[in-house]
Amino acid sequence: MEKINIGILGYGVVGVGVAKLLKQKKQLLEDRTGAVLYLKTIADIDTTTDRGLDIGDTQLVSDANLIIDDPGIDIIVETIGGETIAKAFILKALENKKHVVTANKALLAGHGNDLVKTARKNLVDLAFEASTGGCMPIIKSLRESLVANDIKSMSGILNGTCNYILTKISKDGSEFETALKDAQELGYAEAEPSLDIDGFDTAHKLAILNSLAHGMEINLNDIHVEGIRNITPVDIEFAKEFGYTIKLLAIGKIHKEHVEARVHPTMIPNSNPLSYVDTSMNAIVIDADATGQTMLYGHGAGMMPTASAVLSDIADIARNIISGTKRRVPILGYPEDNIKPIEILPMEELYTRYYLRFEAQDHPGVLSKISGILGENNISIKSVHQKGRKTNGKVPIVMITHIAKEAWVQKALKEISKTDSVVGDPVVIRIEEAAQE
Ligand code: HSE
């Protein structure tokens, strides 16, 4: 049986998970791939901490070059994370004609186009199923299973930390900070939690998915990103009253000439299956023309779910090697020459519905002043709600709009903020009526 030699860069949670799964599933993987997947070397600057795993004759070294420059190693798994050292190591590994498997969404979103070019130049594979949605096979679905479909839209809950926090606030009445601390202790959160709660981790994943879905260059910079810091229990309560749930969504939609790509807290009706996706779970609804809606649901983070996704890439590459092929499936789902830059729709051009909450002065005429400004800016109000007790002379007023243009809404909100009718910045939450809307 052919032996495929593997090296792992980074022996943290995911690296340990990959080593563990290679060991635990040795026989199953041999039966399924027809190859021996041998973990030859692991590199990490920390070679002394006990990870609770007997790695047998696998070498644990502190110098990553002992893997990257080892002519005997076929596949390199990068589980270091971050964009600096990991990028240098991956580029060198690709230049050394190694196939690379990575879980590094930030790196792919920021530098993926360069990595793909380098992999192409060196005729090797670059695989990243674990980068997005943990164990959910979303990369393979877009790249292979849905190959005969135009992907009309994708709506996903792609950050377990944010979903955990929103669920805890909504279901248990937890405070934001307490829920974040729990998520950190449970190991979902990034080392730098603002990547999670300010929406950037979700945006990294959306940048990758958009590229696969539409054959476009990876474009992180033009994605509109908002996180969940401004979501309060008051908004969650209002949402419940209206039959909505608030989720941090990654939304990607194709239009004729451009793509919509945005990450922000979103109100979705309780009939939308994404509204049932709670705690740290991830899910994505893909609306494609031949299939209609398909939904994937699963653990978006955690040692073994992530390791499972890494192993699926290792197995793909091992199968290629033993069948004498490589780069059978294009890295971004389209041969590199067919990948185009597709423009992302500027946020001001978006049309959607809005939930607007103002802290309003409890004076006569305030409501007509706010609705007057909205009307002058073409924004039609569907309903107005006032709830709760007056505090310091202020009352929360919520307005739900009909479909309006983002530019109109932002202009109107600026005008409203300048009046003495409201205090502070209004809360704006966009509404998606249906998963495929
Ligand atoms: N911090 C990420 C999350 C980990 O919370 O989902 C998985 O990418």
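Please read these numbers as outputs of a predicted model, since none were measured by experiment. We count ligands from 1, going down the list as the structure has it; atoms in each ligand are counted the same way. Note that these values count all heavy atoms, side chains included, but never hydrogens, waters or copies made by symmetry.
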Please report whether ligand 1 has a polar contact with Ala301, defined as an N or O pair separated by less than 3.5 Å (distance criterion only).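 Among all N and O atoms of Ala301, none is under 3.5 Å from an N or O of ligand 1.
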Could an N or O of ligand 1 be found under 3.5 Å from any N or O of Asn282, whether backbone or side chain?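 No.
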Charged N-O contact under 4.0 Å between Asp278 and Lys247: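 Here Asp278 pairs with Lys247 in a salt bridge, since their nearest N and O are under 4.0 Å apart.
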Only heavy atoms count here, so choose which of Lys205, Glu190, Met281, Lys105 is nearest to atom 1 (N) of ligand 1.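 Selected option, by shortest heavy-atom distance: Glu190.
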Name the closest protein heavy atom to atom 5 (O) of ligand 1, giving the residue it belongs to and the distance to 0.1 Å.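 Of every protein heavy atom, Thr161 OG1, 2.7 Å lies nearest to atom 5 (O) of ligand 1.
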Atoms of ligand 1 close to [X] [distance to a heavy atom under 4.0 angstrom, numbered from 1]:
| X | value |
| --- | --- |
| Tyr188 | 1 (N), 2 (C), 3 (C), 4 (C), 5 (O) |
| Gly300 | 7 (C) |
| Gly160 | 3 (C), 5 (O), 6 (O) |

Tell me whether the rings of Phe242 and His385 are parallel (<30°), tilted (30 to 60°) or perpendicular (>60°).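 Aromatic pair Phe242/His385 classed tilted.
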Please answer whether the main-chain N or O of Ile73 pairs with a side-chain N or O of Lys98 as donor and acceptor at a distance below 3.5 Å.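 Yes; at least one donor-acceptor contact below 3.5 Å.
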How long is the straight-line distance from CD1 of Ile344 back to NE2 of His255, given to the nearest 0.5 Å?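 His255 atom NE2 to Ile344 atom CD1 measures 11.5 Å (nearest 0.5 Å).
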Return the CG to OG distance between Leu296 and Ser141, rounded to the nearest 0.5 Å.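 Output value for this atom pair is 4.5 Å.
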Between Asn159 and Lys205, is the side chain to side chain donor-acceptor pair (under 3.5 Å) condition met? List the steps. CA-CA 9 Å; Asn159 184 271; Lys205 294 165 180 169; over 6 Å; no
Just to be sure I read this right, does ligand 1 sit under 4.0 Å from the backbone of Asp196, its side chain, both, or neither, counting only heavy atoms?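 Only the side chain of Asp196 comes within reach of ligand 1.
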